[in-house]
Amino acid sequence: MAQEEVDKKAPMRLFIDCNCDKNFLRQEIKYVGHVRDQAQANIKLFIYDITNGSGGRTFDLEFEGKGDYKNISNRLSYDTTANMTSDEVRKGLLKKVQSGLLEYVLKSGLADDITYTVNQSGMTEVQEIDFTDPWNNWIFEVFGSADLGRESSRKDFKYRLGFESDHVTENWRIRTDLGLFKSDSEYETDGVIYTSERFRYFADGSIVRSLSDHWSTGIFTGLRHDTFTNLDFRYYLQPAIEFNIYPYKEVLRREIVFAYKIGYFHNDYIETTIFDKLEEGVYNHSLDMQVRYRQQWGNLYARIIGSSFLSDFSKNRLQLNSNVNVRLLKGLAVRFASRYEIIRDQINLPGGDASIEDVLLQQKQIATAYQLGFSVGLSYTFGSAFNNIINTRL
């Protein structure tokens with residue numbers, strides 16, 4: 001047997017799992033065979049992404065070879081900013097994917113077809129870049145929106161204004177969030193017109209300090225006015241501490257986080273509450289646990305938050321949220337999402353019975369003991385697993 005036959009590798013068959021433009025990657029990377037079933041791939045690429053300090057996304061690319069390429073693996077990172085367009089993001093990600101595939105190409109039968117080009121002038125430009133950040137790692141966003149809707153018996157007008165800032169370094173994260181929301185609704189039935197006005201403004205801020213690879217601490221504060229929840233004015237202050245079982249550098253793949261907050265809030269009410277209060281101050285605390293896994297078999301997210309008043313543990317709240325996406329076998333995937341909340345701390349509810357306007361137009365918060373939601377989805381994809389043609393016509 002000839003030596004070249006012994007060294008000849010199987011054609012590259014690439015499986016990509018990501019929250020990205022897969023069609024663009026398949027269209028631009030034509031020198032590999034793209035498969036939709038990872039069992040048929042000899043190169044697997046899993047791309048995990050998360051928000052970064054610049055307001056963009058950080059993509060973590062993990063390459064894993066199988067069969068003739070089993071000893072080849074690679075891990076790359078790609079950062080985007082909030083100012084980048086979606087086209088700039090996908091082109092940058094494409095370059096990173098192509099870089100990660102280079103070692104596989106060198107081991108394949110395509111090695112002799114590679115043309116190497118190094119742009120010396122481009123390298124000089126990169127080396128001469130001044131990396132001084134005039135914004136000192138601060139990101140700002142100002143936004144606004146207006147929504148007008150009308151039917152024969154109903155009309156709505158809403159507007160929203162907001163401002164956000166975020167300062168992120170290895171040791172600090174400082175955030176502020178300001179918002180204003182106004183909603184006017186009118187509903188007519190049997191010649192009777194019902195009107196509703198909802199108004200809310202808020203300001204929240206936090207300072208978080210990293211203590212180690214597993215621990216961090218911070219303080220949260222804010223104020224709020226909300227006609228829907230009967231709050232004329234509210235302010236709060238909450239110190240917090242957080243522990244991550246895994247090092248924070250693994251957050252793209254997995255995290256199990258426990259956060260404990262304890263603090264004080266003061267409420268001034270618009271109407272007298274069901275407990276005959278126009279104002280009150282409360283000390284409370286909460287424990288928040290989050291579990292997140294991004295793995296080859298799928299994604300798992302679960303969050304449990306328990307809170308109560310320190311002076312009266314019977315006034316408490318328990319929130320459970322989960323989302324599971326599991327790839328069972330070839331082309332078969334199942335998705336579950338659930339939300340459950342036990343509510344026993346609605347001290348802000350106004351006294352008296354809710355009017356028809358309150359019910360129809362959701363003008364005020366209504367008493368409830370729980371909230372529940374659940375969804376399930378199943379998908380199965382079958383057919384050709386090797387078609388690389390991209391055609392978006394009609």
Enquirer: Arg209: what forms a salt bridge (Lys or Arg N to Asp or Glu O under 4.0 Å) with it, not counting sequence neighbours?
Expert: none
Enquirer: Using atom types as modelled and distance alone, determine if a side-chain donor or acceptor of His34 lies under 3.5 Å from a backbone N or O of Ile29.
Expert: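 Confirmed, His34 side chain pairs with Ile29 backbone.
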Enquirer: Could you check whether any side-chain N or O of His214 sits under 3.5 Å from a backbone N or O of Ile245, counting only pairs where one atom can act as donor and the other as acceptor?
Expert: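 Judged by distance alone, yes, a pair lies under 3.5 Å.
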Enquirer: Scan for ring-ring contact (aromatic ring centres under 6.0 Å, His included) pairs involving residues 64-96, sequence neighbours excluded, and state none if there are none.
Expert: Phe59-Tyr78
Enquirer: Ignoring hydrogens and angles, tell me if any N or O in the side chain of Asn42 forms a donor-acceptor pair with the backbone of Pro11 under 3.5 Å.
Expert: yes
Enquirer: State which residues pass side-chain hydrogen bond (donor to acceptor under 3.5 Å, both in side chains) with Asn299; sequence neighbours excluded, sorted by chain then number.
Expert: none
Enquirer: Show the nearest heavy-atom pair for residues Ser210 and Glu170, with the distance to one decimal.
Expert: OG-O, 3.4 Å
Enquirer: In chain order, what residues pass the side-chain hydrogen bond (donor to acceptor under 3.5 Å, both in side chains) check against Arg150, with sequence neighbours excluded?
Expert: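 Arg150 satisfies side-chain hydrogen bond (donor to acceptor under 3.5 Å, both in side chains) with no other residue.
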Enquirer: Please tell me whether Ser307 and His285 have a donor and an acceptor in their side chains that are separated by less than 3.5 angstrom.
Expert: no
Enquirer: Would Tyr301 and Gln290 count as a side chain to side chain donor-acceptor pair (under 3.5 Å) here? Give the steps.
Expert: CA-CA 7 Å; Tyr301 173 75; Gln290 296 188 58; 3.3 Å; yes
Enquirer: Give me the other members of the hydrophobic cluster that Val208 sits in, counting Ile, Leu, Val, Met, Phe, Trp and Tyr linked by side-chain heavy atoms under 4.5 Å, directly or via other members.
Expert: Phe220, Leu231, Tyr236, Phe265, Tyr269, Ile274, Phe275, Val282, Phe309, Ile347, Leu349
Enquirer: Can you list the residues that meet the side chain to side chain contact (heavy atoms under 4.5 Å, CB included) rule with Ser145, with sequence neighbours excluded?
Expert: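 Ser145 satisfies side chain to side chain contact (heavy atoms under 4.5 Å, CB included) with Arg160 only.
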Enquirer: Among residues at least two apart in sequence or on other chains, which ones pass ring pair (Phe, Tyr, Trp, His ring centres under 6.0 Å) with Tyr235?
Expert: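 So Tyr235 forms a ring pair (Phe, Tyr, Trp, His ring centres under 6.0 Å) with His266.
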Enquirer: Within a 6.0 Å radius of atom OH on Tyr283, are there more than 12 heavy atoms belonging to other residues, nucleotides or ligands?
Expert: no
Enquirer: Regarding Gln38 and Lys44, do their side chains bring together a donor and an acceptor under 3.5 Å, going by distance alone?
Expert: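 Short answer, yes.
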Enquirer: Could I get the full list of side-chain hydrogen bond (donor to acceptor under 3.5 Å, both in side chains) partners for Thr272, not counting sequence neighbours?
Expert: none
Enquirer: With sequence neighbours left out, what residues match Lys182 under side chain to side chain contact (heavy atoms under 4.5 Å, CB included)?
Expert: Tyr159, Asp184, Glu197, Phe199
Enquirer: Identify, with sequence neighbours excluded, every residue that meets side chain to side chain contact (heavy atoms under 4.5 Å, CB included) alongside Ser153.
Expert: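 Once residues adjacent in sequence are excluded, the partners of Ser153 under the side chain to side chain contact (heavy atoms under 4.5 Å, CB included) criterion are Tyr187.
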Enquirer: State, with a plain yes or no, whether a side-chain heavy atom of Asp204 is found less than 4.5 Å away from one of Thr176.
Expert: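 Side chain of Asp204 against side chain of Thr176, heavy atoms only: no contact under 4.5 Å found.
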Enquirer: If you group Ile, Leu, Val, Met, Phe, Trp and Tyr whenever their side-chain heavy atoms sit less than 4.5 Å apart, what else falls in with Ile343?
Expert: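 Its cluster mates, by chain and number: none.
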Enquirer: Who pairs with Glu242 by side-chain hydrogen bond (donor to acceptor under 3.5 Å, both in side chains), at least two apart in sequence or on another chain?
Expert: Ser216, Tyr248
